Protein chains: 2
Amino acid sequence: MRSNRVTAADIARATGLSRATVGFVLNNTPGQTISEATRQRVLRVAKDLGYHPHPAARTLARGRSNIVVLLLPDWPLGYSLGRNLDEASQALDAHGLTLITQTIRPRTSAHPLWEAVLPDVVMGLLAFPAEEVRRMRAAGVRAVIPDGSDGQFRVDQLTFTDGPAMQVEHLLTRGAQRLVWAQPGDPRLASLAQERYATARRRAEELGHTLETVIVGTDRPMTEPLVVPRAGERVGVAAFDDEMAARVVGSAVRAGIAVPDQLAVIGHDDTPIAALFVPALTTVRIDVSGLGKLMAALAVHSVLGNPMPAVGPEARAQLIVRESS
Amino acid sequence: MRSNRVTAADIARATGLSRATVGFVLNNTPGQTISEATRQRVLRVAKDLGYHPHPAARTLARGRSNIVVLLLPDWPLGYSLGRNLDEASQALDAHGLTLITQTIRPRTSAHPLWEAVLPDVVMGLLAFPAEEVRRMRAAGVRAVIPDGSDGQFRVDQLTFTDGPAMQVEHLLTRGAQRLVWAQPGDPRLASLAQERYATARRRAEELGHTLETVIVGTDRPMTEPLVVPRAGERVGVAAFDDEMAARVVGSAVRAGIAVPDQLAVIGHDDTPIAALFVPALTTVRIDVSGLGKLMAALAVHSVLGNPMPAVGPEARAQLIVRESS
DNA sequence: CAGATTTGATCCCATTGCGGC
DNA sequence: AGCCGCAATGGGATCAAATCT
């Protein structure tokens with residue numbers, strides 16, 4: 001049962017020093033004065049022995065795991081977010097924190113991750129249900145972001161709401177007489193889709209238009225057009241994302257409907273498919289440069305109590321006009 | 001600094017029992033007989049107090065973290081793999097193990113995850129470099145799968161090699177006179193692409209053909225055809241993946257090249273884009289049913305010493321013929 | 001004297017307050 | 001003042017042994 005793991009005690013033994021001194025050197029403990037000779041000796045022996053501090057022991061002693069868990073929804077996450085995660089991971093690492101991401105799928109994860117690793121912070125892109133926040137806290141998680149408290153930062157609001165309004169504006173600029181929203185049938189996307197739809201609809205109504213809805217199922221054959229313009233009518237379709245847009249455009253092209261003259265379509269997310277498609281899809285790119293850094297800063301702030309830097313994600317929706325509108 | 005965390009000692013105090021007894025009840029320790037009354041009392045109090053065992057303390061005491069880390073390459077991972085991960089996660093959970101996945105991106109991750117959480121097992125889809133295996137072991141990771149030892153299971157071999165051979169065979173069946181391989185320019189995909197290419201080339205040569213290569217850059221404008229058939233010639237393109245296929249097909253269509261008559265293209269992975277594209281892309285679907293269960297079984301085996309069940313991933317490449325070939 | 005119950009004592013390993021030389 | 005050691009702490013797992021029927 002005895003493991004062959006090298007512990008700080010082994011180093012103490014090998015150097016003839018106490019565990020405490022070894023600890024001070026290894027942690028660069030402030031407020032301690034260690035002679036350079038001793039310091040070097042400890043570091044040398046630690047290296048020779050191949051010492052690795054035991055994370056669990058450290059966590060226990062410090063009362064902090066230095067782990068940050070980021071819970072991601074089961075969405076098709078764009079390229080931009082991927083880069084932001086890298087950014088966040090790097091920024092956290094610089095403070096000795098480790099980022100662990102987990103994708104939350106509907107009926108998966110019997111045992112929540114935060115009970116298995118006890119992170120200092122659990123972050124998410126959407127607000128957590130109050131009940132879940134309570135459970136995390138009860139399990140010992142110190143900070144939950146966002147935690148639903150008043151005035152709290154909500155990533156989703158910054159990130160995902162400008163786009164649909166831009167879609168609607170763009171379609172009207174292009175002379176659309178009828179507006180249709182292409183909604184995904186996938187229930188996993190329901191909540192996000194609702195938010196986007198609401199934004200699009202609000203903007204449409206502000207501009208004196210109504211917004212019809214068509215549900216785009218995944219199983220439906222592509223041979224049948226999803227949206228059919230009446231004779232001489234210009235229809236504009238705002239799609240939940242590029243895949244929905246591709247389905248609308250694809251089915252229209254096959255049915256001989258002229259895109260974009262009869263049917264103008266705009267997608268969302270600027271996924272690779274948008275640029276590749278024939279005709280290339282007009283879309284909205286959400287650029288959240290700085291989101292990763294902001295998330296990292298929030299986490300560092302709540303763990304180490306660092307002052308919150310005035311970073312902010314510059315979430316901006318950008319119109320990418322191509323051939324489908 | 002006193003934390004308000006509820007510990008087993010609190011339960012002992014509240015029930016008037018010893019920490020040991022409390023521990024036996026909470027862990028269902030085998031070989032211990034606890035009176036039903038005591039057991040109920042402990043469980044009741046634990047619940048009332050909102051007791052949550054401290055994972056780090058548990059890990060320290062047991063010498064095992066019950067965490068399994070799965071390192072994923074930065075590939076576009078298919079739908080199938082996503083489901084397999086769920087499957088693996090569930091299966092591990094049933095044994096009290098927690099799965100943490102991390103995507104390894106080139107120059108990310110300054111501090112390796114396995115040093116921050118000290119998993120019992122680190123798994124990967126590809127063989128790890130020997131040096132890395134050594135480092136993991138040195139950090140205290142008990143098992144690495146695959147670890148490069150002789151006869152070891154290698155997921156990648158099972159998963160990713162049949163497809164390219166099928167692509168080549170299919171194109172020849174379709175009457176291709178010249179064979180071209182569409183290679184991604186993205187360096188992240190280089191190693192995987194090399195493997196696929198080698199397989200395709202081998203098969204082509206076995207069948208008495210040569211395999212040219214065209215590199216598909218992401219930045220290249222879609223207005224210029226990537227592959228141009230000579231007059232009266234039938235060219236077959238085997239693409240690394242569906243995105244490459246889409247680029248080849250898209251640029252050809254815009255240039256007025258007839259697909260599939262002059263240029264037949266087949267992709268790989270059966271990503272959503274393949275079905276959506278106009279013309280719909282012929283592709284290869286890799287189905288690895290059971291992979292998740294196998295990974296879980298391997299991990300459970302190496303952590304708990306359970307006998308290895310005779311599960312195996314039934315990795316099979318399946319041809320999905322659509323319009324592009 | 002069993003057998004059923006329960007407990008004291010140690011260990012896991014790093015961190016850190018207090019104190020000694 | 002400069003260097004360093006003792007000992008307690010964090011929370012749970014577990015073995016040997018005591019106590020109760």
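All values below were derived from every heavy atom in this structure, side-chain atoms included, with hydrogens, water molecules and symmetry-related copies excluded. Predicted, not measured: the structure shown is a model, and the values here were computed from it. Reminder, nothing fancy here: chain letters follow the sequence lines and each chain counts from 1.
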Subject >> Whichever of A/Pro53 and B/Arg19 has its nearest DNA chain C nucleotide further upstream toward 5' >> reply: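 Its nearest nucleotide lies further toward 5', so the answer is B/Arg19.
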Considering every strand and a 4.0 Å limit on heavy-atom distances, what is the contact class for [X]: base, sugar-phosphate, or nothing?
| X | result |
| --- | --- |
| B/Thr33 | base |
| A/Thr29 | nothing |
| B/Ala8 | sugar-phosphate |
| A/Thr59 | nothing |
| B/Leu17 | sugar-phosphate |

Would you mind reading off the distance between [X] atom [atom1] and [N] atom [atom2], rounded to a whole angstrom?
| X | N | atom1 | atom2 | value |
| --- | --- | --- | --- | --- |
| B/Asn27 | D/dG12 | CG | C1' | 8 Å |
| A/Arg58 | D/dG11 | CZ | P | 18 Å |
| A/Leu118 | D/dG10 | CG | P | 16 Å |
| B/His54 | D/dG12 | NE2 | C1' | 10 Å |
| A/Glu36 | D/dC4 | CD | C1' | 15 Å |
| A/Arg64 | D/dG11 | CZ | P | 15 Å |
| B/Arg13 | D/dG11 | CZ | P | 11 Å |
| A/Arg5 | C/dA14 | CZ | C1' | 11 Å |

Test item: [X] side-chain N/O and [Y] main-chain N/O as donor-acceptor pair under 3.5 Å:
| X | Y | value |
| --- | --- | --- |
| A/His95 | A/Leu97 | no |
| A/Arg64 | A/Pro119 | no |
| B/Gln102 | B/Leu71 | no |
| A/Asp120 | A/Asn66 | yes |
| A/Gln32 | A/Phe24 | no |
| B/Thr15 | B/Ile11 | yes |

Are [X] and [N] close enough that a side-chain N or O sits under 4.0 Å from OP1 or OP2?
| X | N | answer |
| --- | --- | --- |
| A/Ser18 | D/dG5 | yes |
| B/Arg62 | C/dC12 | no |
| B/Tyr51 | D/dG11 | no |
| A/Thr21 | D/dG5 | yes |

Original post:
Side chains of B/Asn28 and B/Arg39: donor-acceptor distance under 3.5 Å anywhere?
Top reply: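 The criterion, which ignores hydrogens and geometry beyond distance, is satisfied for B/Arg39 and B/Asn28.
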Original post:
Want to settle it: does A/Ser35 or A/Ala61 sit nearer the 5' end of DNA chain D, counting the closest nucleotide to each?
Top reply: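 On the 5' side of the pair lies A/Ser35.
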Output the single nucleotide from [options] whose closest atom is nearest the side chain of [X].
| X | options | answer |
| --- | --- | --- |
| A/Ala20 | D/dA7, D/dG11, C/dT7 | D/dA7 |
| B/Phe24 | C/dT16, C/dC13, C/dT7 | C/dT7 |
| B/Leu60 | D/dC15, D/dG5, D/dG11 | D/dG11 |

Original post:
Taking N and O atoms by type only, does the side chain of A/Gln32 place a donor or acceptor under 3.5 Å from a partner on the base of D/dC4?
Top reply: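 Pair found.
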Subject >> Net bend of the helix from C/dA2-D/dT21 to C/dC21-D/dG2, end axes of five pairs each, nearest 10 degrees >> reply: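 That helix gives 60° between its end axes.
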**OP:** Using a strict cut-off of less than 4.0 Å between a Lys/Arg side-chain nitrogen and an Asp/Glu carboxylate oxygen, indicate whether A/Asp86 and A/Arg83 qualify as a salt bridge.
**Re:**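 No, A/Asp86 and A/Arg83 are not salt-bridged.
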